[in-house]
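Inspection log for the structure reproduced underneath, given as structure tokens.
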Amino acid sequence: MAETRALTTRAADFSAWYNELIARAQLADYSPVRGCMVIRPNGYAIWEEMQRALDQMFKDTGHQNAYFPLFIPQSFLSREAEHVEGFAPETAVVTHGGGKELEEPLVVRPTSETIIYAMYAKWIQSYRDLPLLINQWANVVRWEMRTRLFLRTTEFLWQEGHTAHATEAEAEEETRKMLGVYRTFMEEWMAMPVVTGRKTDSERFAGALRTYSCEAMMQDNKALQAGTSHNLGQNFARAFEVTFQTAAGGLDHVWNTSWGVSTRLVGALIMTHGDDAGLVCPPRLAQYQVVVVPIYKSDEERARVMETCDRLKRELSAARIRVHVDAREGTKPGAKYYEWEGRGVPLRLELGPRDVAAGSVMLARRTGGKKEPLPMEGLVATLESAMERMHTELLEASRARREAHSIRGVTKPQFIEFIEGDGGFAYGGFCGSGDCEAEIKEQTKATIRVLPDEEFRSLVAPTTCMWCGTPSVAEAVWSRAY
RNA sequence: CGGGGUGUGGCGCAGUCCGGUAGCGCGCCUGCUUUGGGAGCAGGAGGUCCCGGGUUCGAAUCCCGGCGCCCCGACCA
């Protein structure tokens with residue numbers, strides 16, 4: 001019986017494990033519409049915590065939220081040549097409304113640059129209107145061929161920041177700043193280490209000058225692009241005639257940026273920290289940080305135990321710890337333990353008559369270490385520090401795992417062996433040729449995830465392309481990716 | 001779109017070869033006994049057997065045609 005209740009292990013079949021975990025923890029479900037997903041309350045709660053943290057970070061960096069419409073006139077998409085080429089194949093188009101054929105078809109937004117910059121053209125007249133720093137939380141639709149819960153679905157939730165600046169330098173600074181915000185969020189909230197850097201032209205956002213991204217390594221050693229930030233230059237400003245009067249009295253096009261993260265982050269969280277028992281949710285993003293499981297036999301014991309549980313709940317809530325008392329009757333404590341472990345709750349408190357009598361409570365951590373009895377005195381501080389430590393340990397363990405599956409200064413034969421083997425991040429010299437990049441992808445299915453930022457680069461800079469041997473123009477990180 | 005698999009109570013499956021009107025485990029409901037790592041017993045609810053045709057006295061089962069979903073590949077946050 002025990003076997004049938006266990007998840008497929010990560011080692012046995014990583015993607016089966018992923019799907020089963022999502023079902024078990026009730027994070028999401030398949031919808032009647034192909035490729036779409038229903039985000040269930042347990043999954044949505046994680047997204048809400050992510051939103052809360054990110055939204056605050058956006059506001060702290062001077063951005064305001066707004067909302068732009070779902071429908072975009074088809075002609076808007078075509079205004080920027082590279083943009084339409086990139087997105088046209090994956091758009092859903094509305095041709096009828098109110099029972100009549102529309103004069104102009106409406107595209108369901110795959111991203112909102114076009115409609116937003118059309119509006120910016122109206123709102124921006126002078127350099128005094130800049131910078132314009134706006135974010136929106138929205139759903140978008142991309143008609144993907146193959147979908148996976150959270151990682152790639154036809155419709156997904158995200159935020160997209162869209163800013164306009166007076167100079168190229170300011171736009172570049174914003175692009176980099178928001179990449180940094182994402183990185184901070186991923187490390188400090190998700191406990192997920194990332195490598196940041198620039199995308200090559202082949203992976204660049206359609207219509208952007210430069211694209212930067214945060215790349216994380218999942219437990220199957222594949223890379224996941226977790227967030228992107230684009231310097232759009234004046235490409236969209238020209239297409240939509242977003243101009244402003246400069247202080248000197250001239251007329252110039254604005255410089256734009258856009259940046260986004262999506263519900264894909266929930267998938268990233270699962271594949272970064274989950275284990276064979278289920279989800280492991282970093283404390284800062286957990287819906288419930290602490291679950292209390294009462295234990296009792298008689299009604300009399302129950303009354304005593306529940307009274308203490310209620311008191312615990314009040315105390316922890318007052319300290320802003322998100323706590324839930326699992327008071328369900330008829331479910332044995334052991335069954336509750338398995339359930340909450342599967343759902344990733346960081347800390348569990350078990351409270352029975354013996355604990356009540358002793359003035360203590362049993363603590364079980366989702367990761368690392370055995371159960372231990374704790375005195376009720378000073379419990380809040382103990383739990384807070386346990387969560388802090390857990391966060392740090394998750395981050396460090398993920399970083400260590402990533403480094404253990406990274407190889408630097410690769411030669412071509414090493415690279416092939418590495419990618420064909422367990423995989424991971426391969427650092428090596430890159431000649432800068434798109435043809436070379438394409439050939440590598442063709443032969444190994446590995447792509448350049450990023451040209452890493454300085455702090456991630458190898459101590460010894462490569463001098464030749466690891467594939468073709470010609471002089472290297474940059475160090476690159478290759479990996480197979482989601 | 002190519003390859004593979006699969007559609008039978010909420011979930012996982014058996015039954016299909018060899019037609020006879022549907023069963024098992026888990027879950028769910030009620031009651032009693034239980035409760036410190038996935039409870040036991042008793043009773044009970046729940047199914048257009050993916051859809052549409054055909055063959056047959058009779059189809060989950062045989063024949064024809066559709067469709068859905070999952071996994072693996074080519075594209076992507």
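All values derive from a computational prediction rather than experimental measurement. Throughout, a chain's letter reflects where its sequence line sits, starting with A, and its residues are numbered from 1.
- Base contact: A:Pro353 has a heavy atom under 4.0 Å from a base atom.
- Nucleic acid contact for A:Arg348: base, since at least one base atom lies under 4.0 Å from a heavy atom of the residue.
- With C1' as the reference atom, B:rU16 and B:rC28 are 29 Å apart, rounded to whole Å.
- Of the candidate nucleotides B:rC71, B:rG37, B:rA39, B:rA39 has the atom nearest to the side chain of A:Ala335.
- Atom C1' of B:rG47 sits at a distance of 14 Å from the matching atom of B:rG7, rounded to the whole Å.
- Taking the six-membered ring for Trp and the full ring otherwise, A:Tyr117 and A:Phe240 have centroids separated by 6.0 Å or more.
- Checked against a 6.0 Å centroid threshold, the rings of A:His83 and A:Phe205 count as neighbours.
- Here B:rG73 is the nucleotide among B:rC70, B:rC71, B:rG73 with the atom lying nearest to any side-chain atom of A:Lys445.
- When heavy atoms are screened at a 4.0 angstrom cut-off, A:Ser258 is found touching no nucleic acid atom at all.
- A straight line from CZ of A:Arg40 to C1' of B:rG10 spans 11 Å, rounded to a whole angstrom.
- Rounded to whole Å, the separation between the P atoms of B:rG38 and B:rG27 comes to 14 Å.
- Out of B:rG37, B:rC70, B:rG36, the shortest distance to the side chain of A:Lys371 is found at B:rG37.
- Nucleotides B:rU30 and B:rA45 place their C1' atoms 10 Å apart, quoted to the nearest Å.
- Here, B:rG43 and B:rG25 have their P atoms 13 Å apart, quoted to the whole Å.
- Comparing the P positions of B:rC71 and B:rC13 gives an interatomic distance of 14 Å, to the nearest angstrom.
- Pairing partner, B:rC69: B:rG5, with both Watson-Crick or wobble hydrogen-bond distances short of 3.5 Å.
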Hey, mind stepping through A:Asp453 and A:Arg183 against salt bridge (Lys or Arg N to Asp or Glu O under 4.0 Å) and telling me if it holds?
CA-CA 12 Å; A:Asp453 288 333; A:Arg183 181 201 174 166; over 6 Å; no
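- For B:rG12 and B:rC70, the P atoms lie 12 Å apart once the distance is rounded to whole Å.
- The CD atom of A:Glu20 sits 13 Å away from the C1' atom of B:rC71 (whole-angstrom rounding).
- Identified under the side chain to side chain donor-acceptor pair (under 3.5 Å) test for residues 206-215 of chain A, with sequence neighbours left out: A:Glu172-A:Arg210, A:Glu172-A:Tyr212, A:Lys199-A:Glu215, A:Arg210-A:Tyr212, A:Thr211-A:His230, A:Ser213-A:Glu215, A:Glu215-A:Arg449.
- As judged by a 4.0 angstrom heavy-atom cut-off over every strand, A:Thr228 is placed among residues making no nucleic acid contact.
- The side chain of A:Ser15 contributes an N or O atom lying less than 4.0 Å from OP1 or OP2 of B:rC72.
- Using the Watson-Crick or G-U wobble rule with both distances under 3.5 Å, B:rG52 pairs with B:rC64.
- Nucleic acid contact class of A:Tyr30 (heavy atoms, under 4.0 Å, all strands): sugar-phosphate only.
- On a pure distance criterion of 3.5 Å, a polar donor-acceptor pair joins the side chain of A:Glu341 and the base of B:rG37.
- Within residues 271-282 of chain A, no residue has any heavy atom closer than 4.0 Å to RNA chain B.
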Restricting both atoms to N or O, compile the protein contacts to nucleotides 31-35 of chain B shorter than 3.5 Å, with distance only.
residue : atom : partner  : partner atom : Å
B:rU35  : O2'  : A:Tyr296 : O            : 3.3

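- Here A:Asn19 does not reach the OP1 or OP2 of B:rC70: none of its side-chain N or O atoms lies under 4.0 Å away.
- You'll find the ring centres of A:Trp478 and A:Phe425 outside the 6.0 Å limit.
- Pair assignment for B:rG36 gives none, since no Watson-Crick or G-U wobble pairing has each distance under 3.5 Å.
- When both pairing distances are held under 3.5 Å, B:rA22 makes no Watson-Crick or G-U pair with any nucleotide shown.
- Separating the C1' atom of B:rU61 from that of B:rA74 is a span of 38 Å, rounded to the nearest Å.
- Between A:Glu339 atom CD and B:rG37 atom C1' the separation is 14 Å, expressed in whole Å.
- Ring-base stacking between A:Tyr338 and B:rG37 is not satisfied when judged by a centre separation under 5.5 Å and a plane angle under 30°.
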Could you go through the salt bridge (Lys or Arg N to Asp or Glu O under 4.0 Å) check for A:Arg311 and A:Glu315 one step at a time?
CA-CA 6 Å; A:Arg311 206 192 73 229; A:Glu315 272 179 34; 3.5 Å; yes
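- Separation of the A:Trp259 and A:His162 ring centroids does not fall under the 6.0 Å cut-off.
- Other residues, nucleotides and ligands contribute at most 12 non-hydrogen atoms within 6.0 Å of the CD atom of A:Gln64.
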